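Working notes, structure below.
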There are 2 protein chains.
Amino acid sequence: MNTQNTSREKILNTATKLFQINGFNATGLNEILEESKSPKGSLYYYFPEGKEQLALEAIQLACKSIVERLRGTMDKYSDPVEALKYLISNITDDLNDENKLQDISISLMALETYSSNEKLRLACEQVFTELSNVYAHKLIQSGFAPQKAEELGMAIEIMIEGAITICVTRKDTVPLSAISNILNVLLSQDSL
Amino acid sequence: MNTQNTSREKILNTATKLFQINGFNATGLNEILEESKSPKGSLYYYFPEGKEQLALEAIQLACKSIVERLRGTMDKYSDPVEALKYLISNITDDLNDENKLQDISISLMALETYSSNEKLRLACEQVFTELSNVYAHKLIQSGFAPQKAEELGMAIEIMIEGAITICVTRKDTVPLSAISNILNVLLSQDSL
DNA sequence: GTCTATAGGTTGATAGAC
DNA sequence: GTCTATCAACCTATAGAC
């Protein structure tokens, strides 16, 4: 998971996990320090701007993890429909194993910050854009027209975020199955 | 908007608004009391179980508002595709006017509570189910098979929640336009 | 660089006068 | 039913010893 053992990385990794699962407002700095076994002095030494800076870096780190997973699964199949099915089954397994948003979605932080913190909102916006682009790129590779691929990429990102939100709320993975079928229909008939 | 002027209703209406827009954790009881011009004594008189009870009733009231809007717009057109287009343009107008979640979505509260408060999680789950059913009902009315309608109803709910999340994060309404097109394709070819 | 102590503010909740 | 005063607990952040 995390390679180095510096205090900075321990704090950031723990913060990234807790912010994703429980949210920005529900996660206290004390909680992060306790779970990462770090002293408060270190936090403000490494993140002099405090909680906001920590959250900003956490969003960016979460983005890296999510994109990595996404790329890793999408590259397993050349056919985009097969690749998406595999990605969705992958996320489904994770949610079944543990009903938590870690390495899955930053929707919670996005909704917590859209109206209260412009810097963090922008960081979340960038995550959504990047994820959409990964999907679009996959579609372009398999022959979709760039404009069509971009629109579909955004639609895929929308469906996955929406499905995850409702999955964790319901504590089941039916919504992900539902969009798996929809994507099948959508991408098969709507090509080129 | 609110008909009666009892302290209870003033508190509940304000809480419902603030919880939806800023979330459960970001909204303090003091803030609710200040905005509703109510004394703290009244809050605990009418909501003896405190913040949790207030949030529970707020989720249910928000559900009523959202369902009302949804039914109101869906009933304007008999064709479900036209009705959904109208609903989406309606939500788009609201978000353009003011980039806030009020009377639009409870996704923020759902994500804040899914892992920390079972009572509130269940209330949010019920909201998502109810909204899905409104869509499904509309599809059944226009000739879709019940099972197909149920699956599509959930898919519609997923897409709208996902699109709203990304809309407020981006501060634009492009995602809602994107799913409007998708729904057109999806419901036109996939009927009966 | 690490750690502790603590400041200064806010939170949800309670007690008790009226 | 209404209102105020107050509580203990928590929060983010800072100061300063080591």
Side-chain angles (χ1 to χ4, degrees), chain A residues 2-59 108-109 112-113 115-121 123, chain B residues 2-59 108-109 112-113 115-121 123:
Chain A
N2 43 338
T3 47
Q4 298 198 35
N5 260 347
T6 70
S7 278
R8 191 181 204 283
E9 293 197 345
K10 279 198 301 182
I11 292 171
L12 181 55
N13 283 323
T14 304
T16 303
K17 175 183 154 192
L18 293 176
F19 282 151
Q20 274 186 90
I21 296 176
N22 301 323
F24 178 76
N25 292 311
T27 305
L29 298 184
N30 296 330
E31 190 185 355
I32 294 170
L33 293 172
E34 192 181 348
E35 183 158 333
S36 67
K37 295 183 207 322
S38 308
K40 184 161 284 194
S42 298
L43 195 155
Y44 282 97
Y45 175 77
Y46 289 114
F47 304 91
E49 288 164 68
K51 196 181 188 183
E52 186 185 61
Q53 181 185 358
L54 189 53
L56 184 66
E57 296 201 29
I59 290 168
L108 173 50
M109 295 197 71
E112 280 183 304
T113 59
S115 70
S116 61
N117 189 312
E118 188 64 7
K119 214 180 284 184
L120 299 181
R121 179 195 70 77
Chain B
N2 43 341
T3 47
Q4 296 199 37
N5 259 347
T6 71
S7 279
R8 192 182 204 283
E9 293 198 344
K10 279 198 302 181
I11 292 171
L12 181 56
N13 283 322
T14 305
T16 303
K17 174 183 155 192
L18 292 176
F19 282 148
Q20 273 186 91
I21 296 175
N22 301 322
F24 177 75
N25 292 311
T27 304
L29 298 183
N30 296 328
E31 192 186 352
I32 294 170
L33 294 172
E34 193 182 346
E35 185 160 330
S36 68
K37 296 185 206 321
S38 308
K40 185 162 282 195
S42 298
L43 196 154
Y44 282 96
Y45 176 76
Y46 289 115
F47 304 91
E49 287 164 68
K51 196 181 187 184
E52 187 185 62
Q53 180 185 359
L54 189 53
L56 184 67
E57 296 202 29
I59 291 167
L108 172 50
M109 296 198 71
E112 280 183 304
T113 59
S115 70
S116 61
N117 188 312
E118 189 63 9
K119 213 181 285 186
L120 298 182
R121 180 195 69 76

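Numbered from 1 within each chain, the chains take letters A, B, ... in sequence-line order. What's counted below: heavy atoms across the whole structure, side chains too, no hydrogens, waters or symmetry copies. Treat the numbers as computed from the prediction; the structure is a model and nothing was measured.
The heavy-atom pair separating A/K51 from A/L29 by the smallest distance is CG-CD2, 3.8 Å. Looking at every heavy atom in both residues, B/L54 comes nearest to B/L43 through CD2-CD1, 4.3 Å. The minimum heavy-atom distance linking B/L120 with B/E52 is given by the pair CD2-O, 3.8 Å. When all heavy atoms of B/A55 and B/F19 are compared, the closest pair comes out as CA-CE1, 3.7 Å. The two residues A/N22 and B/S115 come nearest to each other via the heavy atoms OD1-OG, 3.1 Å. Considering every non-hydrogen atom in both B/I32 and B/T14, the closest pair reads O-CG2, 3.8 Å.
As a whole-Å value, the separation of B/E31 CD from C/dG9 P is 19 Å. Rounded to whole angstrom, the span from the OH atom of B/Y46 across to the C1' atom of C/dA13 amounts to 19 Å. Spacing between atom CG of B/N30 and atom P of C/dT11 amounts to 5 Å, rounded to whole angstrom units.
A/N117 contributes no side-chain N or O that, together with a main-chain N or O of A/T113, makes up a donor-acceptor pair within less than 3.5 Å. Here the side chain of B/E112 pairs a donor or acceptor atom with the backbone of B/N25 at under 3.5 angstrom.
In this structure, B/R8 is not positioned above the aromatic face of B/Y45 in the sense of NZ or CZ being under 6.0 Å from the six-membered ring centre and within 45° of the axis.
Residues of residues 50-59 of chain A that place a heavy atom closer than 4.0 Å to DNA chain D, in numerical order, are A/G50, A/K51. Remark: A/K40, A/Y44 in residues 36-45 of chain A come within less than 4.0 Å of DNA chain D through at least one heavy atom. Contacts between residues 15-22 of chain A and DNA chain C, defined by a heavy-atom separation below 4.0 Å, involve no residue at all.
A side chain to side chain donor-acceptor pair (under 3.5 Å) check over residues 28-38 of chain B, counting only residues at least two apart or in different chains, returns the pairs B/K17-B/E35, B/N30-B/K40, B/S36-B/S38.
Chain A approaches DNA chain D within less than 4.0 angstrom (heavy atoms of the protein), and the contacting nucleotides run 5' to 3' from D/dC11 to D/dT14.
Terminal axes of the helix from C/dG1-D/dC18 to C/dC18-D/dG1 (five pairs each, C1' rotation axis) are separated by 10°, to the nearest 10°.
One finds the CD1 atom of B/I21 at 12.0 Å from the OG atom of A/S116 (value rounded to the nearest 0.5 Å).
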